[in-house]
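When a ligand or atom number is given, it counts from 1 through the structure's own listing order.
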Amino acid sequence: MSTDAPLDPSGADTPAAAPGTPTGLIHHPYRAPADFESPVAAVHKASTVFFPSVAAMRARTWVDKSAYTYGLHGTPTSFTLEARLATLEGARHVILAPSGLSALTVVDMALLQAGDSVLLPDNVYGPSKDFTRHELAQWGVSHQLYDPMQPQSLADRLDERVRLVWLEAAGSVTLEFPDLPALVRLIRAKAPRAVIALDNTWGAGLAFNAFELGEAGLGVDLTIHALTKYPSGGGDVLMGSIACRDDDLYQRLAWTHSRLGLGVGMNDVELLLRSLPSLPLRYAAQDAAARRLAAWAVQQPQVRRVLHPALPGSPGHEHWAALCSAAAGLLTLEIDPRHSSAQVDAFVDHLRWFRIGWSWGGPVSLAVPYRARGMRQLGTSHEGVLVRLCIGLEDVDDLIADLAQGLARLDG
Ligand SMILES: *Cc1c(COP(=O)(O)O)cnc(C)c1O
């Protein structure tokens, strides 16, 4: 290609360097034609972003996403993912973070200061409790746990120092489904200055609408998601998001996020953009498979109880039924306490298709045993050992056969 004939007039301002020089390899007049379109957005990677002039450099702002300033503040690729994620929940603003956990901690850091108090459900995602007990406590932020299945337990802890209340539905591992509309109404009435944040990873923006909880004007202020789970669906990406509707709240979150220097890699964003169109299909398939497994598991003599919000009798089933149209692909087996913890570990060790590992939402089914004792500070306790199952995309009959051979060993 001749360097003295720019192919696009937009490149005409770039002078052609002498042939055969490194400068010519870096400063090149060629500009690809602009109107390329394909199913997946282009991957724009950058640390440095160019400005056409010093005046433009001084004038640009990233915070309203009207322009590009620096790689950490986003490229067309991350802006596109943020906009697409916003449509899931009808949010106005979405911020990407390097993991689901970092999305949680940004919210804590943006909204809490020394002297404030934060409330967490007893069945909250464990590492969120850890951050609260360690870093937030060190910084002078106090916290209390509440029993999400007892609205009075939350009411008793709402005072003027509470600036942030976390909700989670369904609860981590034990999958209790709280009465979200009742909890939100209570917080609005008793702690009007508190921000209400929901970890909506389980619902994925599909099971229910967190910003419209069954009646107009009733909703949470922000949601966080571990995009690591269903939105990615591959078991190969770590990412989180924060979504909200309010402009001022967005600004507070966005500035803290930016000052902390939290960026995401555009190759990871690309994977999310590729996975997002199939999210509803995968979620529905894993929901259907988990329900079949749950219905089978309740009939097994080694299983004392099956925890799954869509299963009648599971804690909070009625709240799930009142709000939700779908459930995630998670269920937890409460193994009869006549079986020892070592026996249950051996059951998990001998599963063939279920692999042992954290996280969920990918193609591979996973099993993790949890010792129930000491898991909760308040409220319901469970007996014996819990086995949390996350259902992948395998044939459900194969998964049932696998669990059947494993459970049979418990009696052997
Ligand atoms: C996995 C998970 C997180 C954290 O996500 P990571 O990307 O693994 O940091 C947060 N909340 C819930 C409910 C989760 O399941």
Side-chain angles (χ1 to χ4, degrees), residues 81 85 88-89 94-109 118 120-132 134-135 145 148 164-178 180 197-208 210 220 222-243 257 260 262-265 268-269 271-272 275-276 279 282-283 286-287 290 307-309 316 320 324 327-332 357-362 364-368 370 375-376 386 388-392:
L81 178 58
L85 287 171
L88 258 181
E89 298 178 289
V94 169
I95 299 168
L96 298 176
S99 64
L101 181 55
S102 65
L104 284 163
T105 59
V106 167
V107 170
D108 285 333
M109 288 188 273
V118 55
L120 309 171
D122 196 16
N123 57 6
V124 75
Y125 176 67
S128 179
K129 244 186 215 179
D130 293 338
F131 182 75
T132 307
H134 293 269
E135 280 70 20
L145 300 175
L164 176 64
V165 181
W166 279 104
L167 305 172
E168 194 163 322
S172 196
V173 185
T174 40
L175 299 173
E176 300 91 349
F177 205 95
L180 286 177
L198 171 75
D199 183 334
N200 203 13
T201 301
W202 180 92
L206 297 170
F208 61 94
V220 304
L222 69 89
T223 63
I224 76 97
H225 290 258
L227 303 177
T228 308
K229 309 288 170 51
Y230 292 112
S232 147
D236 53 358
V237 182
L238 288 160
M239 204 179 293
S241 62
I242 308 168
H257 173 269
L260 287 167
L262 300 175
V264 293
D268 287 344
V269 173
L271 289 175
L272 256 308
S275 294
L276 216 49
L279 168 64
R282 289 182 283 107
Y283 193 87
Q286 290 172 324
D287 175 1
L307 306 169
H308 182 299
W320 173 85
C324 296
L330 293 175
L331 68 152
T332 295
W358 305 113
S359 199
W360 31 277
V364 177
S365 293
L366 300 170
V368 177
Y370 290 84
M375 231 174 125
R376 300 284 177 252
L386 305 176
R388 203 268 308 272
L389 301 175
C390 118
I391 309 309

Notebook entry, point to check: For D287, what residues pass the salt bridge (charged side-chain N to carboxylate O under 4.0 Å, His left out) criterion, not counting sequence neighbours?
Noted result: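 Once residues adjacent in sequence are excluded, the partners of D287 under the salt bridge (charged side-chain N to carboxylate O under 4.0 Å, His left out) criterion are R291.
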
Check: Nearest heavy-atom pair of A290 and H308: which atoms, and what distance?
Finding: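 Nearest heavy atoms, A290 then H308: CB-NE2, 4.0 Å.
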
Next item on the list: Identify the two heavy atoms, one from T228 and one from S359, that lie closest to each other, and give their separation to 0.1 Å.
Entry: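 Heavy atoms only, the tightest pair is CG2-OG, 3.9 Å.
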
Notebook entry, point to check: What pairs meet the side-chain hydrogen bond (donor to acceptor under 3.5 Å, both in side chains) rule with one or both residues in residues 197-206, with sequence neighbours excluded?
Noted result: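 Sorted pair list: E89-N200, D199-T201.
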
May I have a table of the N/O to N/O pairs between ligand 1 and the protein that fall below 3.5 Å, each row giving the two atom names and the distance to 0.1 Å?
unit_1: ligand 1; atom_1: 7 (O); unit_2: G100; atom_2: N; d: 2.8
unit_1: ligand 1; atom_1: 7 (O); unit_2: T228; atom_2: OG1; d: 2.5
unit_1: ligand 1; atom_1: 9 (O); unit_2: G100; atom_2: N; d: 3.2
unit_1: ligand 1; atom_1: 9 (O); unit_2: L101; atom_2: N; d: 2.9
unit_1: ligand 1; atom_1: 11 (N); unit_2: D199; atom_2: OD2; d: 2.6
unit_1: ligand 1; atom_1: 15 (O); unit_2: K229; atom_2: NZ; d: 2.5

Next item on the list: Look up atom OG in S241 and atom CD1 in I95, then write down how far apart they are to the nearest 0.5 Å.
Entry: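 It is 9.5 Å, given to the nearest 0.5 Å.
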
Next item on the list: Report the residues that fulfil ring pair (Phe, Tyr, Trp, His ring centres under 6.0 Å) with W360, sequence neighbours left out, ordered by chain and then residue number.
Entry: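 Testing W360 for ring pair (Phe, Tyr, Trp, His ring centres under 6.0 Å), a comparison that skips the adjacent residues, returns Y230.
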
